[in-house]
Amino acid sequence: MRYHRPRGTQDIPPDEAPRWRFVEKTFRDLCRRFDYGELRTPVFEETELFVRSVGEDTDIVSKEMYTFEDKGGRSLTLRAEGTAPTVRALIEENLQGQDRERLVKMYYVAPIFRQDRPQAGRYRQHHQAGIEAIGSSEPAVDAEIIDLALTFFEELGIEGTRLLINSVGCRDCAPQFVDTLKASVADAVDSMCRDCQRRYDTNPLRLLDCKQEVCREVTENAPMMLDLLCGECECHFDGLREHLEALAIAYEIDARIVRGLDYYTKTAFEFRHEALGAQDSIGGGGRYDELIKQCGGPDLPAVGLGAGIERILMVREALGLRDEDEPRDGSFVVAIGDDAWFPAYRLLHDLRREGVKAEIDYRRRSIRAQMRYADSQGYLNAVLLGGDEIAKGIATVRDMISGEQEEVPLEGLAEYLKERREG
RNA sequence: GUGGGCGUAGCUCAAAGGUAGAGCACCUGACUGUGGCUCAGGUGGCUGUGGGUUCGAUUCCCAUCGCCCACCCCA
C-alpha cells in the first residue's frame with residue numbers, strides 16, 4: 001500500500017454510495033416540498049470570509065481551517081462551514097432581488113473541511129446538508145427549519161432524536177449578559193480548569209459548556225442568558241416555543257447550547273442522538289440576524305441549519321436501518337461456445353441501446369462460471385445464447401430467482417426484459 | 001494540539017522466540033449447454049515500515065507511519 005487517503009477522509013465505494021444517495025435524495029425531496037432551492041458554491045472561498053463571519057476566536061478559524069495561498073498570493077480556504085458561503089453568494093449574486101421583504105430559501109449538500117483530529121463521527125472532510133432562510137425574523141421560520149430537520153430524520157427512519165433549543169440573545173442583550181456572567185464567576189476563576197481560565201477572557205459564553213466537574217459547579221448558579229434576554233429576544237424565544245408547540249414538536253431548553261460560531265443571535269438549536277458516541281450531534285443551527293449586514297449586504301435577518309450526513313448514516317447503521325439488499329435486476333448475457341461470442345457481444349450492445357441493463361463475461365469462461373457469476377452479482381436474468389438459439393433466432397431467458405426458462409425471439413427481447421423488470 | 005488502544009491472507013480473526021493457520025470470500029472440477037445445496041482440490045501473506053537484542057523474531061525492545069477511541073470542539 002503505497003498511497004493512503006488523507007487522514008480524516010473517506011472513500012465511498014460503489015456498494016456504499018447508494019446509502020448516501022438515499023439520504024441526499026430524501027433531503028432534496030424534502031427541500032422541494034418546503035420550497036427551498038439548491039445553491040451550489042465553490043469548495044473554496046477567500047479566507048477572510050470565514051474569519052470575519054465565523055469569528056476569529058472560534059476553534060474553526062483559529063485552528064481548523066484548510067488555508068492555502070494560490071499563485072497570485074491570495075489566501076483561500078476550503079469550505080469550513082456552510083452559512084458564510086451562502087451569505088456571500090446571496091450578496092454577490094443579488095439573490096434577494098428587488099423585493100426586499102422576500103424570504104429567500106436555499107439549501108445545499110456540500111463537503112466541509114476542518115483540520116481536527118479525527119475520531120468516531122468526526123472527519124476532516126465531512127458532508128453537510130444545510131438550509132438557510134434569509135429575510136425574515138419571524139420565529140415561525142425558525143420553527144419551519146427545525147420542522148424540516150425533524151421530518152428529514154423521521155423520513156430516514158431515525159427515531160429518538162432530541163431537540164435542544166436556547167437563545168443566545170442579540171447585539172443588545174448578549175454583551176450585558178457576558179458582563180453579568182463574568183462578574184458572577186470572577187471570584188472562582190482561579191479554581192476552574194485551564195481552558196476556562198482562558199475562556200474567561202476570550203469567549204466567556206463557553207464557560208457554560210465546559211464538562212469539567214469543577215467548572216460545572218462554578219457555573220451551576222451562574223446567570224442564564226435566557227433570564228437576561230432583552231424584550232425583543234424574549235418575545236422571539238416565546239414565539240419559537242409557541243410555533244414548535246403548534247406543530248407538536250417536543251423540545252428541551254438547554255441554556256448551555258451556545259454553538260461554536262460567533263454569528264449566532266437569538267435562536268440556537270441542536271439535534272442529538274444517543275446512538276452515537278462522544279460526537280452525538282447530528283445537526284444544529286440558529287439565527288444570524290447580524291451576519292449579512294456585517295458581510296456588507298443588506299440588513300436582513302436569517303436562520304439556518306446544518307446536518308451531518310456521516311453522522312446520520314452512523315445513526316442509521318446503529319439503529320439497524322441499513323438498506324435492504326438491492327433487488328435483483330439486469331440481464332447477464334451468457335455466450336455458449338466460441339461461435340456464440342460475436343452474436344452475444346452484439347446482443348449485449350443492442351440490449352444496452354434499447355435501455356436494458358446488461359453485462360457479459362469478458363473472460364469468456366465456462367457456462368458454469370458465467371452462471372455462477374451472474375448469480376453472485378445479482379442479475380435477474382441470464383440470457384443464454386448458443387448454437388441452438390442462434391439457429392432459431394431466439395435467446396433462452398432464465399429467471400435467476402425461480403430458475404424458469406423461456407425462449408424469446410431476439411426482436412422482442414429488449415421489451416420482454418424491460419417488462420420482466422417491472423413485474 | 002494532548003492522552004490511550006491496535007496494526008497477521010480480500011474480510012473477520014487465531015497462533016507462537018525456530019521462518020504462519022481457520023472460517024468466509026474467490027478460482028477450478030464432480031455436473032462434456034446452465035447459478036443457488038453438497039463434495040474435492042486450488043490461488044492468496046517479505047505477519048505496516050525501519051532499526052536493535054538473539055544462533056534464529058512475525059513473536060521481545062525502540063523508532064516511525066497508519067488506523068481506531070477519548071479530550072478540546074463540532075456535523
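Reckoned from all heavy atoms, side chains included, excluding hydrogens, waters and symmetry mates. Because the structure is a prediction, the values reported are computed rather than measured. Letters A, B, ... mirror the listed sequences (proteins, then strands); counts begin at 1.
The CZ atom of A:R364 sits 16 Å away from the P atom of B:rG33 (whole-angstrom rounding). Following rounding to the nearest Å, A:D375 (CG) and B:rU34 (C1') show an atom-to-atom distance of 11 Å. Atom-to-atom, OH of A:Y379 to C1' of B:rG36 comes out at 17 Å; the value is rounded to the nearest Å. Per the geometry, CD belonging to A:Q10 stands 17 Å off P belonging to B:rA75, to the nearest Å. Note: CG (A:L164) to P (B:rA75) measures 14 Å, nearest angstrom. Note: CE (A:M400) to P (B:rC37) measures 12 Å, nearest angstrom. For the pair A:R328 CZ and B:rG36 P, the computed distance is 11 Å after rounding to whole Å. Atom CE of A:M371 is separated from atom P of B:rU34 by 9 Å (rounded to the nearest Å).
Only the P atoms considered, B:rC26 is 43 Å distant from B:rA63, to the nearest whole Å. Rounded to whole Å, the C1' atom of B:rG41 lies 43 Å from the corresponding atom of B:rG51. The gap from the C1' atom of B:rG44 to that of B:rA20 amounts to 14 Å, rounded to the nearest Å. Nucleotides B:rC31 and B:rU38, compared at atom C1', are 12 Å apart to the nearest Å. Comparing the same atom, C1', in B:rA9 and in B:rC24 gives a spacing of 12 Å after rounding to whole Å. Nucleotides B:rC13 and B:rC6 are separated by 14 Å at their C1' atoms, to the nearest Å. For the P atom pair drawn from B:rC71 and B:rU64, the interatomic distance equals 25 Å after rounding to whole Å. Rounded to the nearest Å, the gap between the P atom of B:rA25 and that of B:rC37 is 8 Å.
Ring centers of A:F27 and A:Y107: under 6.0 Å apart, within the cut-off. Here A:Y264 and A:Y288 keep their ring centres 6.0 angstrom or further from each other.
Counting any heavy atom pair closer than 4.0 Å across all strands shown, A:I401 reaches a base atom. Residue contacts for A:G403: at a heavy-atom cut-off of 4.0 Å it reaches a base atom on one of the strands shown. Looking at heavy-atom distances under 4.0 Å, A:I282 makes contact with sugar-phosphate atoms alone, never a base. Across all strands shown, A:Q125 has no heavy atoms under 4.0 Å from either base or sugar-phosphate atoms. A:D399 comes within 4.0 angstrom of a base, heavy atoms only. Backbone-only engagement by A:D59 is indicated by non-hydrogen atom pairs under 4.0 Å involving sugar-phosphate atoms exclusively.
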Report all interatomic pairs (protein N or O, nucleotide N or O of nucleotides 44-47 of chain B) with separations under 3.5 Å.
none

Distances under 3.5 Å only, N/O to N/O: pair up the protein atoms with those of nucleotides 67-70 of chain B.
from   : atom 1 : to     : atom 2 : distance (Å)
B:rC67 : OP2    : A:R7   : NE     : 3.0
B:rC67 : OP2    : A:R7   : NH2    : 3.1
B:rC69 : OP2    : A:A120 : N      : 2.9
B:rA70 : OP1    : A:A278 : N      : 3.3
B:rA70 : OP2    : A:Q119 : NE2    : 3.2
B:rA70 : OP2    : A:A120 : N      : 3.4

Which pairs, protein N/O on one side and nucleotides 26-32 of chain B N/O on the other, fall under 3.5 Å?
from   : atom 1 : to     : atom 2 : distance (Å)
B:rC31 : O2'    : A:R368 : NH2    : 3.4
B:rC31 : O2     : A:R368 : NH2    : 2.9

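Every residue two or more places apart in sequence or in another chain that forms a side chain to side chain donor-acceptor pair (under 3.5 Å) with A:D29 is listed here: A:R33.
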Original post:
Using Watson-Crick and G-U wobble pairs whose two distances are both under 3.5 Å, how do you write the pairing of RNA chain B as dot-bracket, with | for links to another strand?
Top reply: (((((((..((((.......)))).(((((.......))))).....(((((.......))))))))))))....
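The number of heavy-atom neighbours closer than 6.0 Å to CD of A:Q10, taken from other residues, nucleotides and ligands shown, is above 12.
When each of B:rU34, B:rG35, B:rC73 is scored by its nearest atom to the side-chain atoms of A:E64, the top-ranked nucleotide is B:rC73. Considering only the side chain of A:R114, B:rA75 comes nearest among B:rA75, B:rG33, B:rG35.
Mapping A:E404 and A:R124 onto RNA chain B by nearest heavy atom places A:E404 closer to the 5' end of the strand. Nucleotides of RNA chain B nearest to A:R398 and A:K63 differ in position, and the one nearer the 5' end is that of A:R398.
A:R287 has a carboxylate O that lies under 4.0 Å from a charged side-chain N of A:D142, or vice versa, which qualifies the two as a salt bridge. A salt bridge links A:R40 with A:E38: the closest approach of a Lys/Arg side-chain nitrogen to an acidic carboxylate oxygen falls below 4.0 angstrom. Salt-bridge annotation for A:D254 and A:R256: absent, with no side-chain N of the basic residue lying under 4.0 Å from a carboxylate O of the acidic one. Salt-bridge formation is not detected for the pair A:E270/A:R162: no Lys NZ or Arg NE/NH1/NH2 atom is positioned less than 4.0 Å from an Asp or Glu carboxylate oxygen. Using a cut-off of 4.0 Å between Lys/Arg side-chain N and Asp/Glu carboxylate O, A:D329 and A:R420 are scored as not salt-bridged. A salt bridge is defined here as a Lys NZ or Arg NE, NH1 or NH2 lying under 4.0 Å from an Asp or Glu carboxylate O, and A:R21 with A:E16 fails to meet this definition.
The closest donor-acceptor contact from the side chain of A:T47 to the backbone of A:S75 lies under 3.5 Å. Remark: side-chain polar atoms of A:R124 are not paired, donor with acceptor, to backbone N or O of A:Q115 under 3.5 angstrom. Formation of a donor-acceptor pair under 3.5 Å by the A:D289 side chain with backbone atoms of A:A302 is found in this model. Looking only at distances, no side-chain donor or acceptor of A:E290 sits under 3.5 Å from a matching main-chain atom of A:K293. Side-chain N or O atoms of A:R79 include one that pairs as donor or acceptor with a backbone N or O of A:P42 at under 3.5 Å.
A side chain to side chain donor-acceptor pair (under 3.5 Å) with A:Y36 holds for exactly one of A:E132, A:R28, A:E144; it is A:E144.
Residues A:Q279 and A:Q119 are in side-chain contact: their nearest non-hydrogen atoms beyond the backbone lie under 4.5 Å apart. Put simply, the side chain of A:W20 reaches to within 4.5 Å of the side chain of A:L313, judged on heavy atoms.
Centre separation under 5.5 Å together with a plane angle under 30° does not hold for the ring of A:H127 and the six-membered base ring of B:rA75, so they are not marked as stacked.
Contacts between residues 406-413 of chain A and RNA chain B, defined by a heavy-atom separation under 4.0 Å, are absent.
With hydrogens and angles ignored, no donor-acceptor pair closer than 3.5 Å exists between the side chain of A:Q370 and the base of B:rG33. Taking only distance into account, the side chain of A:Q405 meets the base of B:rU34 through a donor-acceptor pair shorter than 3.5 Å.
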Original post:
Given the rule in the side chain to side chain contact (heavy atoms under 4.5 Å, CB included) test, do A:E407 and A:K392 qualify, once you have shown the distances and angles that lead to the verdict?
Top reply: CA-CA 10 Å; A:E407 298 193 336; A:K392 289 201 267 182; 3.3 Å; yes
